[in-house]
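Okay, so here's the structure we're looking at.
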Amino acid sequence: MEVRRKLSRPVQSLQPSKQTSLHDAVDAQPPKASDAVPFPLYVVNALFLTLFFWVVYFLLARWREKIRNSTPLHIVNFSEMVAIVAFFVSFIYLLGFFGIDFIQFILRPASDIWTDEEDDDILLKKDDNRGETLDCKRVVNVAKVLDEMPIPLSNEEDEEIIKSVVAGAVPSYSLELKLGDCKRAAAIRREAVQKITGNSLSGLPLEGFDYESILGQCCEMPIGYVQIPVGIAGPLLLDGREYSVPMATTEGCLIASTNRGCKAIHLSGGATSVLLRDGMTRAPVVRFGTAKRAAELKLFLEEPTNFETLAIVFNRSSRFARLQSIKCAIAGKNLYMRFSCGTGDAMGMNMVSKGVQNVLDFLQNDFPDMDVIGISGNYCSDKKPAAVNWIEGRGKSVVCEAIIKGDVVKKVLKTSVDALVELNMLKNLTGSAMAGALGGFKAHASNIVSAVYIATGQDPAQNIESSHCITMMEAVNDGQDLHISVTMPSIEVGTVGGGTQLASQSACLNLLGVKGANRESPGSNARLLATIVAGAVLAGELSLMSALAAGQLVNSHMKYNRSNKDVAKASS
């Protein structure tokens, strides 16, 4: 009923001076294949259905008569030839289930996984016809029109609640608990925010999202959701398997560039990866009365004979938690203890924090003068660039490499092996050193990491340490081919928990084959996701460095990262 009420109301067009209806917006959608017929579709369907059964009856009757008269079946007259042609035409139509769309699909040329070398020019060359835009840019999106409609509230009670929220009598954060309906709470909160601020939220969608799924886990006090387009780069051939890598981004040319890198890797036989380390960290800070007392706890924690007892206490936090090591550092009378543990398929921040709390409670018995200042003392180090992550690693430490054939470098990447090696040395290595970079010996790894993280429900803020990367390039095979590698010591990912359980993000994980927990081998899904991230970074680094070496960066971004719309006309 709610949708029906929406459809019956006129809606605002994107041009404020004109009114349009939803019926007009629907009519503005791209034409369907069935629009090509001159009659209503049900009439055409009836004609083909009648033709099919009439022709079958006619041919069967003729063939039965020939059998009785001992006439060879392959001898046909003109009427039988017409009937046979009509039979195949009607059969093809019915096979496609009223199949105009089916016939178009058959006639549409098939595309290979990779096109020939000239297809790469789409990344590099400017379109000569600047005035021509894609048809999809001229299409009115019905869903967008629906989102711009005012959302009707259910009854007068909602209006009273809105007034209470605006007046401050009812806390906005308590609406879900009081109403027991998360979507209704979001709608009421949204309307209250608009009244309080005096600003419209018409461009922010509310419909089409499961607000129950985020309650107490992903987002507090929701008023809608932000739409971020998701594209696919690939297939990425990694360790003998192909992956279509989902990337959520608003940056033009990023996915196209990564896709070109995937193509170069695929044509060269694929990439390989090695996982060096898998352990999430948490480092509490505690204080003692003296530095000597802090050193005593340090020695206690680092004593190998005590580790087994501490591991048993730590591992009680979860059936997947496995304490791996404890590394301590002293600053005066303050002690920083960096716990590292395996966390299964979860990213593991909560898991390791609970384990650390168990150990702190246990240590309090033998060190009653220990003052716990904070469960995190930044020696972890989470969501901050830190040398300890660059050196010791955090999360998954991965190396990914590939040998790119010389002819692929020339034909696909449009540059040379020598140019890439020289640029990598002067930019990613020397240039980063001149800038005093910390874990930033790369071109743009964070671009790919962020896009994959958002698409797969990871914590986007952990892009900071997860993008620690050093990109290496070297000429091999007598200088004919290129060896490229990325070393990433701090990829922090999980396939369960957090945003991974949301429908869209879960679908992207499923696309990669790493959705949820792996019951046969706990932790293997998260480890595989980390290697895919590193493989995508390898492709992105390869393509961007090639564009820089060939002087194509500006042209590609001018084509893919700029709107073709006339801003002056759009705003008038």
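- Between R394 and D382, at least one side-chain nitrogen of the basic residue sits less than 4.0 Å from a carboxylate oxygen of the acidic one, meeting the salt-bridge criterion.
- Side-chain contact, T272 with D239: no donor N or O sits under 3.5 Å from an acceptor N or O.
- Atom CG of L413 is separated from atom OG of S543 by 6.5 Å, given to the nearest 0.5 angstrom.
- Judged by distance alone, with hydrogens and angles left aside, the side-chain atoms of N389 form a donor-acceptor pair with the main-chain N or O of S381 at under 3.5 Å.
- We find that E176 and K183 are not joined by a salt bridge, their nearest charged nitrogen and carboxylate oxygen being 4.0 Å or further apart.
- Between K163 and E191, none of the side-chain N atoms (NZ, or NE/NH1/NH2) sits under 4.0 Å from a carboxylate O, so this pair counts as no salt bridge.
- Under 4.0 Å is where a charged nitrogen must lie from a carboxylate oxygen, and between D459 and K383 at least one such pair does.
- Formation of a donor-acceptor pair under 3.5 Å by the S432 side chain with backbone atoms of L429 is not found in this model.
- The closest side-chain donor-acceptor pair between Q505 and T500, if any, does not fall under 3.5 angstrom.
- Crowding of F300 atom CZ: a count of heavy atoms from other residues, nucleotides or ligands under 6.0 Å exceeding 12.
- Using a distance-only test at 3.5 Å, with no hydrogens or angles considered, no donor-acceptor pair links the side chain of E401 to the main chain of A271.
- Here E422 pairs with nothing under the salt bridge (Lys or Arg N to Asp or Glu O under 4.0 Å) rule; sequence neighbours left out.
- Between the side chain of T343 and the backbone N or O of A346 there is at least one donor-acceptor pair closer than 3.5 Å.
- For K396 and E492, the salt-bridge test fails: no basic side-chain N is under 4.0 Å from an acidic carboxylate O.
- Atom CD1 of I232 is separated from atom OG of S244 by 5.5 Å, given to the nearest 0.5 angstrom.
- At distances below 3.5 Å, at least one donor-acceptor pair connects side-chain atoms of T281 with backbone N or O atoms of C380.
- For the residue pair T305 / E303, a side-chain donor-acceptor distance below 3.5 Å is found, with atom types taken as modelled.
- Remark: S504 OG to I228 CD1 distance equals 10.5 Å, nearest 0.5 Å.
- Two rings, from F362 and F314, have their centers 6.0 Å or more apart.
- A donor-acceptor pair under 3.5 Å is formed between the side chain of S524 and the backbone N or O of S521.
- Checking S446 against S467 by side-chain atom types alone, no donor-acceptor pair falls below 3.5 Å.
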Quick one, N358 with S317, criterion side chain to side chain donor-acceptor pair (under 3.5 Å). Give me CA distance, side-chain angles, the key distance, then yes/no. CA-CA 7 Å; N358 288 348; S317 61; 4.7 Å; no

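- H468 and W390 have perpendicular rings, their planes meeting at more than 60° on a 0 to 90° scale where under 30° would count as parallel.
- The distance from the CG atom of D361 to the CD atom of Q357 is 4.5 Å, given to the nearest 0.5 Å.
- At most 12 heavy atoms of other shown residues, nucleotides or ligands fall within 6.0 angstrom of atom CD in E220.
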